[in-house]
Amino acid sequence: MGISRVDTVSIPVSDQAQALLFYRDALGFELIRDHHASGDKRWVQLAPKGAETTISLVRPFAGMKAGSVQGLVVQTDDITSTYNELAGRGVGLSEIVTLISGRFATFADPDGNGWVLIEANTSMLA
């Protein structure tokens, strides 16, 4: 099969500028591209440092609704430290929960797109 990886995940947001501030400044994602095309067309692409898969902050299209993406998972080696850092930047997180020998917490962006922060042991990795 010719598919080798997930390249970019589209995150539908109501305000790309506001979402950029959240993902860049609160989550610490690196800005890869912020391209303004004609009119209100804009391509905003970010990724966690060193990540292969990126996200694009898009105006909803093709039946999408802002805040409709749920369950995206980002990994950390130290959930307590990352949790405290994100909370200090104003990210609202759930309590840390231990499940299947891993630990996780959830959070959402300003539109309600839902994320899972996970510290996984090797048996939880896909």
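Quantities reported herein were computed from a predicted structural model and do not represent experimental measurements. The chain is numbered in sequence order, starting from 1.
Between atom CZ of residue Phe104 and atom CD of residue Gln75 there is a gap of 14.0 Å, rounded to the nearest 0.5 Å. Atoms CD and CH2, on Gln70 and Trp115 in that order, are 11.0 Å from each other to the nearest 0.5 Å. The CG atom of Leu93 sits 6.5 Å away from atom CZ of Phe107, with the distance rounded to the nearest 0.5 Å. Rounding to the nearest 0.5 Å places NZ of Lys41 at 11.5 Å from NE2 of His35.
Shown here are the side-chain hydrogen bond (donor to acceptor under 3.5 Å, both in side chains) partners of Glu85, two or more places apart in sequence or in another chain: Arg89.
Under the 4.5 Å side-chain heavy-atom criterion for ILVMFWY residues, no single connected hydrophobic cluster contains both Leu21 and Ile32. Under the 4.5 Å side-chain heavy-atom criterion for grouping Ile, Leu, Val, Met, Phe, Trp and Tyr, Leu31 is connected to Leu86 within one hydrophobic cluster. Cluster membership for Val9 and Val74, using ILVMFWY side-chain heavy atoms within less than 4.5 angstrom, is shared.
The two residues Ile11 and Ile55 have their closest heavy-atom pair at CG1-CB, 4.0 Å. Here the shortest heavy-atom pairing between Asp111 and Ala66 reads OD1-CB, 3.9 Å. Between Ala19 and Val13, the shortest heavy-atom contact is CB-CG1, 3.7 Å. Taking all atoms of both residues into account, the shortest heavy-atom contact from Ala108 to Phe22 is O-CZ, 3.7 Å. Of all the heavy atoms in Pro12 and Lys65, the pair that sits closest is CG-O, 3.3 Å. Heavy atoms only, all atoms of each residue included: Ala26 and Val91 are closest at CB-CG2, 3.7 Å.
Using a cutoff of 4.0 Å between basic side-chain nitrogens and carboxylate oxygens, Arg42 and Asp40 are not scored as salt-bridged.
Under the 4.5 Å side-chain criterion, counting only non-hydrogen atoms from C-beta, Asp15 is not in contact with Leu20. Taking 4.5 Å as the limit, some side-chain heavy atom of Arg5 sits within range of a side-chain heavy atom of Glu52.
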Apply the test side-chain contact (heavy atoms from CB on, under 4.5 Å) to residues Thr82 and Ile79: give CA-CA distance (whole Å), side-chain angles for both, the deciding distance (0.1 Å), then the verdict.
CA-CA 5 Å; Thr82 302; Ile79 195 166; 5.6 Å; no
Thr106 vs Leu117, side-chain contact (heavy atoms from CB on, under 4.5 Å): CA-CA, chis, key distance, verdict:
CA-CA 6 Å; Thr106 59; Leu117 174 66; over 6 Å; no
How far apart are the C-alpha atoms of Thr8 and Thr54, what are their side-chain angles, what is the distance that settles it, and do they pass the side chain to side chain donor-acceptor pair (under 3.5 Å) test?
CA-CA 5 Å; Thr8 305; Thr54 67; 2.9 Å; yes
Apply side-chain contact (heavy atoms from CB on, under 4.5 Å) to the pair Tyr83 and Ile96, showing each step before the final yes or no.
CA-CA 8 Å; Tyr83 183 101; Ile96 296 173; 3.6 Å; yes
Test side-chain contact (heavy atoms from CB on, under 4.5 Å) on Val116 and Leu72; report intermediate values, then the result.
CA-CA 6 Å; Val116 180; Leu72 293 170; over 6 Å; no
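The main-chain N or O of Val6 is found under 3.5 Å from a side-chain atom of Thr53 such that the two form a donor-acceptor pair. For the pair Ser94 (side chain) and Ala105 (backbone), a donor-acceptor distance under 3.5 Å is absent. Side chain of Gln16 to main chain of Leu57: a donor-acceptor pair is present (N/O by atom type, distance under 3.5 Å, no hydrogens or angles). Between the Asn113 side chain and the Ser68 main chain, a donor and an acceptor come within less than 3.5 Å of each other. At least one donor-acceptor pair under 3.5 Å links the side chain of Asn84 to the backbone N or O of Thr80. Of the possible donor and acceptor atoms, none in the side chain of Ser56 sits under 3.5 Å from a partner among the backbone N and O of Val58.
The environment of CG in Asp77 is sparse: at most 12 heavy-atom neighbours from other residues, nucleotides or ligands sit within 6.0 Å. Shown here is Arg24, whose CZ atom has more than 12 heavy atoms of other residues, nucleotides or ligands within 6.0 Å.
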